[in-house]
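Atoms considered below: every heavy atom in the structure, side chains included; atoms not considered: hydrogens, waters and symmetry mates. In what follows, chains carry the letters A, B, and so on, assigned in the order in which the sequence lines appear, proteins first and then strands, with residues in each chain numbered from 1.
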Amino acid sequence: MKKNLLIIIFLHLSIYLVSAQNYFGLLHPNQNTVNFGINANPGLNLNSDFMYFLPEESAESNLGFLVSINVPLVTKQGLNFDIRYGGGYLWTIENNFKVICGAGMVVSRTSDLNGKYWNIGFKTDFYPGFYGKRWAIAPHLSWDYKPLVHIKHSEYAQQAFEDLYPDGAGKYNSPKDGWFYQSEYNIFQLGLGAAYHREKWNVNLTAGFQYIPNRLKIVMLPDIGLMPFYGSLNFGYVLENKP
Amino acid sequence: MKNIKLIFYLVLVLFITGCENVENLGNLVPPTVDQDDNLPSVKVNVAGYQRKIHVRTFGKVGNPVLFMLHGSYTDTRAYRNICEGLSDKYHVIIWDQRGCGLSERITEEEFTFESAVEEINQMKSIYSPTNKVSIIGQSWGGGLAGLYTAYHPENVAELVLIEPIPLRGEDMQKIFKTIVEFSFFNPTWNNLARHSQAITPNDHAQIDYRAMMILKSTMTANYHCDGKNPPEWKIHRVGGFLEFVRNKRLGNPLSGFTYDFAKGLENYNTKVLILGGSCSSLGYNMQRTYNEPLFKNGEVLEIKEAGHRMNVEKYEEVISVIKGYLKEY
């Protein structure tokens with residue numbers, strides 16, 4: 001009963017998804033792993049992930065529950081983090097051709113000169129490719145979707161609305177705070193992932209191109225931090241072997 | 001259990017449908033003149049499009065007309081002090097260039113160097129159709145003032161350039177590294193990059209909102225005397241998309257800067273005043289080395305302990321030397 005409840009909760013959470021989660025813990029089936037790494041999207045971040053395998057009595061488990069935390073490596077402004085939770089599954093198609101499928105929900109907090117933001121969204125990741133005894137190499141595809149954002153504008157952002165009207169009379173006197181939806185929030189990533197794994201540890205690298213669809217067709221504007229790439233380098237370590 | 005799930009999804013749907021779209025007018029950045037009739041505007045026809053321009057005027061109609069041209073990643077707001085300071089003798093006209101500030105946003109094809117010159121001609125036809133105009137331009141606005149003068153020397157009575165960009169792309173190529181320090185470890189750049197995790201750069205308002213932060217970025221620390229704490233610079237809206245297009249037109253350090261705003265300046269014989277701050281990478285030394293030689297009769301004056309935003313940090317000195325140059329004083 002308890003196990004079924006856990007599975008229901010896990011599957012429920014997996015409907016939602018996340019960013020820069022490390023699913024290579026799945027290379028150590030049925031073994032809980034912890035992972036540390038650095039990633040760029042394109043801002044630099046540190047991430048840590050914990051992958052927990054649900055108890056399996058008979059067969060080897062390829063289904064792991066993942067919790068991650070991601071924090072900017074260098075930041076000037078306030079508190080920034082992403083907490084992610086979800087799950088991953090290593091699906092064997094045929095022999096060494098397998099697919100890592102990951103899905104998770106993300107809760108993000110961002111703070112910058114313009115304001116403070118809370119985001120809720122999800123991300124899916126796929127790594128279909130070769131998974132050998134020591135090496136894994138696979139293309140990486142992901143979709144990041146964050147439809148909800150809460151904004152608390154800073155004084156700086158509010159100042160933009162001051163002295164707007166020559167006679168002081170006008171409708172727009174400050175930006176709006178509160179919850180908003182942004183239904184067209186999408187980030188797509190296409191890259192390559194590779195991992196080297198031994199019994200107790202793995203090192204993995206993923207890098208590629210990132211595209212944020214927008215109506216203005218801007219692919220890159222480095223001045224404001226828009227660059228079309230991402231990458232991550234991680235080290236995973238097996239904490240315990242499940243019986 | 002079934003009922004609890006139903007209530008959960010019902011609450012979720014009500015919550016989402018109760019939220020506003022982040023793109024709605026006024027949620028992130030102020031409206032533009034085409035979106036709010038309470039803002040003062042004029043209409044111009046440039047590059048085949050009629051657009052509304054946000055304009056402010058200072059001083060008496062009938063006084064000699066003076067145009068003030070703003071820089072990039074900004075609008076006219078921070079220049080109002082100069083305009084007020086000269087309004088006793090001039091009819092000062094300042095406007096947000098197409099796509100910037102409170103002016104109507106434009107498409108990519110509408111912005112070229114030629115169309116930027118045509119925009120000034122349109123404003124001249126409205127405010128000073130028969131007489132020459134005096135022009136003050138800062139940074140990009142200084143470059144544009146130079147370009148306009150090169151195209152139409154017969155229209156320019158007086159010319160003041162406050163730390164203009166290098167008027168030739170080849171010179172920009174030489175000094176680019178001294179004016180912009182790009183590093184993946186720069187904290188303000190990382191904050192800008194992280195903004196994508198909060199608000200998608202899906203359309204104009206989101207890009208404008210994000211671009212506003214660059215005014216406090218330390219990537220351009222070399223513009224200022226205290227690069228970590230740049231002087232306050234007030235704006236209403238940065239035209240993020242326009243900056244994207246302008247960057248394309250100007251070029252970049254990898255592919256090269258190929259523009260030339262100096263061709264034709266040899267036909268302008270009037271004295272030109274160029275101001276350069278003592279701290280700025282676009283300051284006195286740069287102006288002396290690269291821009292002054294392009295004019296027949298150019299003079300560079302140094303504003304001590306001033307950076308690129310000298311009109312706000314050293315207003316008294318700046319207005320004083322400008323008045324010392326302008327014929328009406």
Looking at every heavy atom in both [X] and [Y], which two are closest together, and how far apart are they?
X: B:His54; Y: B:Ser103; result: N-OG, 2.8 Å
X: B:Ala198; Y: A:Gln182; result: O-NE2, 2.8 Å
X: A:Asn80; Y: A:Val71; result: O-CG1, 3.9 Å
X: A:Leu46; Y: A:Asn39; result: C-ND2, 4.5 Å
X: B:Ser281; Y: B:Ile179; result: OG-CG2, 3.1 Å
X: A:His153; Y: B:Asn27; result: NE2-O, 3.2 Å

Option that, when pairs with chain B are counted at under 4.5 Å, heavy atom only, ranks first among [options]:
options: A:Lys217, A:Met220, A:Lys176; value: A:Lys176
options: A:Thr110, A:Leu216, A:Val74; value: A:Leu216
options: A:Asn186, A:Leu164, A:Leu221; value: A:Leu164
options: A:Gly170, A:Pro175, A:Ala157; value: A:Pro175
options: A:Ile224, A:Asp167, A:Leu44, A:Ile218; value: A:Ile224

Is [X] in contact with chain A via its backbone, its side chain, both, or neither, using a 4.5 Å heavy-atom distance?
X: B:Leu102; result: side chain
X: B:Ser217; result: neither
X: B:Gln206; result: neither

Once the angle between the rings of A:Phe188 and A:Trp143 is folded into 0 to 90°, is it parallel (under 30°), tilted (30 to 60°) or perpendicular (over 60°)?
parallel
Residues from residues 207-216 of chain B approaching chain A under 4.5 Å (heavy atoms)
B:Ile207, B:Tyr209, B:Arg210, B:Ala211, B:Met212, B:Met213, B:Ile214, B:Leu215, B:Lys216
Does anything in residues 180-195 of chain B get under 4.5 Å of chain A by heavy atoms, and if so which residues?
B:Phe182, B:Phe184, B:Phe185, B:Pro187, B:Thr188, B:Trp189, B:Asn190, B:Asn191, B:Leu192, B:Ala193, B:Arg194, B:His195
Identify, with sequence neighbours excluded, every residue that meets salt bridge (charged side-chain N to carboxylate O under 4.0 Å, His left out) alongside B:Glu313.
none
Might you work through the side chain to side chain contact (heavy atoms under 4.5 Å, CB included) test for A:Trp179 and A:Leu148, ending with a clear yes or no?
CA-CA 7 Å; A:Trp179 280 101; A:Leu148 288 173; 4.2 Å; yes
So which residue, [options], ends up with the most heavy-atom pairs under 4.5 Å with chain A?
options: B:Val29, B:Asn21, B:Asn38; answer: B:Asn21
options: B:Lys234, B:Lys248, B:His204; answer: B:His204
options: B:Pro40, B:Gly240, B:Pro31; answer: B:Pro31
options: B:Ser196, B:Gly26, B:Pro30, B:Pro201; answer: B:Pro30
options: B:Asn247, B:Asp37, B:Asp36; answer: B:Asp36

Would you please test B:Arg309 and B:Glu232 for salt bridge (charged side-chain N to carboxylate O under 4.0 Å, His left out) and show each step?
CA-CA 9 Å; B:Arg309 297 174 180 175; B:Glu232 187 181 20; over 6 Å; no
Interchain contact, [X] with chain B, by part (heavy-atom threshold 4.5 Å):
X: A:Pro166; result: both
X: A:Ala169; result: backbone
X: A:Met227; result: side chain
X: A:Ile212; result: side chain
X: A:Pro213; result: backbone
X: A:Ser183; result: neither
X: A:Phe180; result: both

Would you call [X] and [Y] a salt bridge, taking side-chain N to carboxylate O under 4.0 Å as the test?
X: B:Asp226; Y: B:Lys228; answer: no
X: B:Glu23; Y: A:Arg215; answer: yes
X: B:Lys52; Y: B:Glu104; answer: no

Could I get the full list of ring-ring contact (aromatic ring centres under 6.0 Å, His included) partners for A:His140, not counting sequence neighbours?
A:Tyr127, A:Tyr230
Side chain to side chain, [X] and [Y], heavy atoms closer than 4.5 Å:
X: A:Asp163; Y: B:Arg77; answer: yes
X: A:Asn119; Y: A:His150; answer: no
X: B:Leu242; Y: B:Tyr73; answer: no

A cation-pi test, strictly: NZ or CZ of B:Arg246 under 6.0 Å from the centre of the six-membered ring of B:Trp140 and no more than 45 degrees from its axis. Yes or no?
yes
Take B:Thr107 and B:Phe241, measure what side chain to side chain contact (heavy atoms under 4.5 Å, CB included) needs, and give me the verdict at the end.
CA-CA 9 Å; B:Thr107 58; B:Phe241 179 65; 5.6 Å; no
